[in-house]
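One structure is given below, encoded as structure tokens.
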Number of protein chains: 2
Amino acid sequence: MKRQKRTTIYDIAQRLNIAASSVSRALSNSNKVNAATKALVLKTAAEMNYQQNAMAANLRKGNNPTIGVVVPRINQGFFSNVIAGLEEITYKKGYNLIICQSNELHAREVDCVNALINQHVSCIVISIAAETGSYDHLQQVLDRQIRLIQFDRVVEELDTFKVINDNERASYEAVTHLISQGYKRIALLEGPQHLDIFRQRKDGYITALQKHGFPILQELMIENAWTKELGAEGTAQLLELPEPPDAIFASTSDFSALGVLEAATAKGITVPESLGICGYSNEPFTEITSPSITTIDQYSMSMGKTIANLYFQEMEVFDLNIEPKIVSIKPKLIIRKSTQKI
Amino acid sequence: MKRQKRTTIYDIAQRLNIAASSVSRALSNSNKVNAATKALVLKTAAEMNYQQNAMAANLRKGNNPTIGVVVPRINQGFFSNVIAGLEEITYKKGYNLIICQSNELHAREVDCVNALINQHVSCIVISIAAETGSYDHLQQVLDRQIRLIQFDRVVEELDTFKVINDNERASYEAVTHLISQGYKRIALLEGPQHLDIFRQRKDGYITALQKHGFPILQELMIENAWTKELGAEGTAQLLELPEPPDAIFASTSDFSALGVLEAATAKGITVPESLGICGYSNEPFTEITSPSITTIDQYSMSMGKTIANLYFQEMEVFDLNIEPKIVSIKPKLIIRKSTQKI
DNA sequence: AATAATTGGGCAATCGATTGCGTAATAAAA
DNA sequence: TTTTATTACGCAATCGATTGCCCAATTATT
């Protein structure tokens, strides 16, 4: 049994004995067709179960109302929320969303971007993979005059639209909060420093300490502690110090904060009394650990909406020579039990 | 400044003074072109920064290597995991993924499906919205000879491929486990009964009780308790009974189980000693509540992979008249502290 | 009544790639 | 050397919709 042909505007035209162009105009509600014919076409189209072939239409029109999204991992709270926010807006505009995940691999990210270029998407929204690499693929996007919006993990030197969190500020506030609670030796679990966001968080940490006259101690900064396991390891390491910290800011993620909490609890160290803990991201679980974990909310869903709105308001219609904008969203410190010493 | 034209096979053909068809053949590695020309074309294409226009190619070839996905919510652990699993496989096959969310709304689901039909996707993967509605839109998909795979929340009467969890079995095992722990009055928080999965879970509950000679008590079954808040409300209601239950199976989700846990804790009822709690889905947080919550893992990521493999192995190449298959994945009971009375 | 303006609709090119068919040039077979 | 087979490539139609341009019929204007 062979595939049955789908009805096209030509089928409708033939049935009604008019030209295909008229059918097209009727369907797109052009004012170059008589109201009566328009109605007739619409009725017939429905009868014949017509559905437009978007590939043909987009090819002819030379644009594809689709936004491509590349994220490290689709199933990670933050990213899936951003995508949900994006979808919320793009859906209303009749845009489609093509989703890819880089799995934190540079090569795969390049592949994804190329696939999206092939698809002639109108815009590519990306948060880059942790694996370092060149940015040629992103330059390619720009060279091809495709809109590009970077978010969260961005390549600073690339002159594109960016939607980011003010990581430094958030980090600064978190550390300031810890200080205000009376913590004196505050450690930092840091993420890969080739990624902006982690550098910024470290900067915020340092600035806050300096501002309050605290020394910056290398021994209190643990590199690359961005999973639960590494968070626990880092904590073990910190607690072995001659002068262990009395607070740990897990600037990488709530997962590493969870690792800290578990490691501390296992050692019989009470939180928040003997050790304050602050995470990053406001993952749902931070609310229900015991004690609940102080963290930073990134407004992930609204970040997705912001990205989409940026595209529709500034990039869809205007010409390409607009000045790229950087939208910085101030994350919110959510104070919970894990840092409430007072 | 106007948009610069992208290079096409014609541009390459012109530059090399050969026919576009030869360029096309060279690029698709056809054996109808000389190796030398092939190399030359490839080199020139790279030089000219050529990227295929997928819309044109797909239009001509009459197929679009894209799978459309419609889920109630993208940012929900289970669904985002399924999508991640799907992507893992489709990426390797060079397929794209278009993602839509129905937001549990029937009208929106219909919209999404239509958009996917317009896009001429090769396959639609869907988990239907909670809002009841007709299934015309899915029938449309079948009528148009587009492959359709339902998963998790499926419409039983529609004869399509289905990938589901054996909800009844999982539910049966959970309740049996509760019984084996010595719980005597086991309550059920149930989901909307017009959705299969929730009916099946209820069936499993009833079967388990009957098998072990327990009475089926209407008062112990709370309808529509599928959020954290409703779970807490249902719990409050149950605990007011003259003979309150000593275990609650939140068959709807871990979120409602969390509601149960919070409501019970608030009332000073100890878990698992005075009240056993079992959830459903194995959301990450169930591991870190105190006590940790017994739940059921649905292998969500591998479910996504299963769906993709089903498509590539059985539906991509063969003709349309294959017998739709139902793949049932047996979920796994994860026993944690919240039910370990013994 | 004659001319101008408007309306409705058809023709055919176009978007960019793919592919069936035809054929010249070359290689192999007789 | 002639005939047949093979190889490499070009021509042109095609996928399905959109759109600029042109023209006939109708309506408005003088």
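Just so it is clear: chains get the letters A, B, ... in the order the sequence lines come, proteins before strands, and each one is counted from 1.
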Report the distance from atom CG of B:Asn29 to atom P of C:dT18, rounded to the nearest whole Å.
-> 13 Å
Using atom NE2 of B:His120 as one end and atom P of D:dG16 as the other, report the distance to the nearest whole Å.
-> 8 Å
B:Lys32 atom NZ is separated from C:dT18 atom C1', nearest whole Å, by 14 Å
Can the positive tip of A:Arg147 be found less than 6.0 Å from the middle of the six-membered ring of A:Phe161, inside 45° of the ring normal?
-> no
Using the six-membered ring of A:Phe312, assess whether NZ or CZ of A:Lys93 lies under 6.0 Å from its centre and within 45 degrees of the ring axis.
-> yes
Is any side-chain N or O of B:Thr37 closer than 4.0 Å to OP1 or OP2 of D:dC9?
-> yes
Which ones in residues 16-25 of chain A lie close to DNA chain C, meaning a heavy atom under 4.0 Å from one of its atoms?
-> A:Ile18, A:Ala19, A:Ser21, A:Ser22, A:Arg25
Donor-acceptor pair between B:Gln51 and A:Asn118 side chains, under 3.5 angstrom = yes
Whole-Å distance between D:dG16 P and B:Gln119 CD?
-> 15 Å
Could you list by number each residue of residues 48-61 of chain A showing a heavy-atom separation from DNA chain C of less than 4.0 Å, or answer none if no residue does?
-> A:Leu59, A:Arg60
For the pair made of CG in A:Leu27 and P in D:dG16, what is the distance, rounded to whole Å?
-> 15 Å
Test item: side-chain donor near acceptor, B:Asn165 and B:Tyr299, under 3.5 Å = no
When rounded to whole Å, the CD to P distance for the pair B:Gln14 and D:dG10 reads 13 Å
Looking only at side chains, do A:Ser80 and B:Asn75 share a donor and an acceptor under 3.5 Å apart?
-> no
Worked check of side-chain contact (heavy atoms from CB on, under 4.5 Å) between A:Val69 and A:Ile126 = CA-CA 6 Å; A:Val69 184; A:Ile126 192 171; over 6 Å; no
Looking just at side-chain N and O atoms, do B:Asp136 and B:Gln140 make a donor-acceptor pair shorter than 3.5 Å?
-> no
Using whole Å, report how far CG of B:Asn31 lies from C1' of C:dT19.
-> 13 Å
Compute whether any side-chain donor of one residue and acceptor of the other, for A:Asn103 and A:Arg73, lie under 3.5 angstrom apart.
-> yes
CG of A:Asn64 versus P of C:dC15: gap in Å, rounded?
-> 18 Å
Quick one: which residue pairs count as a salt bridge (charged side-chain N to carboxylate O under 4.0 Å, His left out) with a foot in residues 12-41 of chain B, not counting sequence neighbours?
-> B:Arg15-B:Glu47
